[in-house]
Amino acid sequence: MATTFELSKSSDGQFRFTLKGDNGETVLTSELYKTKASAENGIASVKANAGNEARYERLVAANGKPYFNLKAANGQVIGSSRLYEVETSRDAVIAATQLHAAQAEVKALT
């Protein structure tokens, strides 16, 4: 299984995408977008920015679990990761995202 983007429509008619890793687990989840075209632009932004180490914001949630945000050049968050048990897991997912996101295919589930 390869890294893929899944583009879907929520129950309120808005769109979002998730980036799924080689193992099928969700790596990133986007915000909700009003249009499909805006969500597709978000995917293009992930592809353009994922290879740049400086675009990753490494954070720790209130419960102590690490996660990350991927940001665009303008500082806007493009996607957020799930919570991880340890920082090394989060950092390994960031490294894999840097290598594979730019080539990930898009599956429209809408």
Side-chain angles (χ1 to χ4, degrees):
M1 179 178 222
T3 302
T4 58
F5 286 96
E6 292 183 353
L7 178 59
S8 60
K9 192 173 188 179
S10 65
S11 59
D12 66 358
Q14 296 187 79
F15 296 85
R16 77 162 45 99
F17 64 84
T18 56
L19 177 64
K20 301 276 188 171
D22 292 347
N23 60 2
E25 290 188 16
T26 298
V27 173
L28 277 179
T29 302
S30 75
E31 65 180 332
L32 288 171
Y33 295 93
K34 292 188 187 294
T35 67
K36 185 176 181 180
S38 295
E40 290 169 337
N41 287 340
I43 291 170
S45 186
V46 170
K47 288 183 172 204
N49 289 286
N52 186 337
E53 172 64 31
R55 301 284 191 256
Y56 292 87
E57 179 181 38
R58 290 167 171 81
L59 301 162
V60 177
N63 64 2
K65 295 191 178 208
Y67 70 102
F68 67 90
N69 289 329
L70 177 61
K71 293 185 169 187
N74 66 3
Q76 182 178 2
V77 174
I78 311 166
S80 298
S81 75
R82 65 180 181 88
L83 300 178
Y84 294 92
E85 292 299 319
V86 294
E87 289 181 5
T88 52
S89 295
R90 174 200 62 200
D91 294 344
V93 171
I94 289 172
T97 302
Q98 288 176 306
L99 290 174
H100 302 292
Q103 296 82 27
E105 71 173 90
V106 179
K107 293 182 180 178
L109 305 178
T110 60

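To the nearest 0.5 Å, atom CD of residue Glu25 and atom OG1 of residue Thr18 are 12.5 Å apart. Rounded to the nearest 0.5 angstrom, Thr4 OG1 and Leu19 CG are separated by 7.0 Å.
Gln14 has its side chain out of reach of Lys9: every pair of non-hydrogen atoms, C-beta onward, lies at least 4.5 Å apart. You'll find the side chain of Gln76 reaches within 4.5 Å of the side chain of Glu31, heavy atoms only.
Judged purely by atom type and a 3.5 angstrom limit, Tyr56 has no side-chain atom pairing as donor or acceptor with the backbone of Asp91.
In this structure, Phe15 has its ring center no closer than 6.0 Å to that of Tyr33.
The minimum heavy-atom distance linking Pro66 with Glu87 is given by the pair CG-N, 3.5 Å.
Using modelled atom types, one finds a donor on one side chain and an acceptor on the other under 3.5 Å when comparing Thr26 with Lys20.
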For a side-chain contact (heavy atoms from CB on, under 4.5 Å) check, start with the C-alpha distance between Asn49 and Ile78, then their side-chain angles and the critical distance, and finish with the verdict.
CA-CA 9 Å; Asn49 289 286; Ile78 311 166; 3.8 Å; yes
With side-chain contact (heavy atoms from CB on, under 4.5 Å) as the criterion, how do Phe68 and Leu59 come out once you've worked through the C-alpha distance, each side chain's angles and the decisive distance to 0.1 Å?
CA-CA 6 Å; Phe68 67 90; Leu59 301 162; over 6 Å; no
* Under the side-chain contact (heavy atoms from CB on, under 4.5 Å) rule, what do Val93 and Tyr84 come out as? Steps first, then yes or no, please. => CA-CA 10 Å; Val93 171; Tyr84 294 92; 3.3 Å; yes
Query raised in the report: Passes side-chain contact (heavy atoms from CB on, under 4.5 Å), Arg58 versus Ile94? Steps please.
Result: CA-CA 9 Å; Arg58 290 167 171 81; Ile94 289 172; 3.7 Å; yes
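Transitive grouping of hydrophobic side chains (ILVMFWY, heavy atoms separated by less than 4.5 Å) brings Phe17 and Val106 into a common cluster.
Residues passing the salt bridge (Lys or Arg N to Asp or Glu O under 4.0 Å) test with Glu57 are Lys71, sequence neighbours excluded.
Within 6.0 Å of CD in Glu53 there are more than 12 heavy atoms belonging to other residues, nucleotides or ligands.
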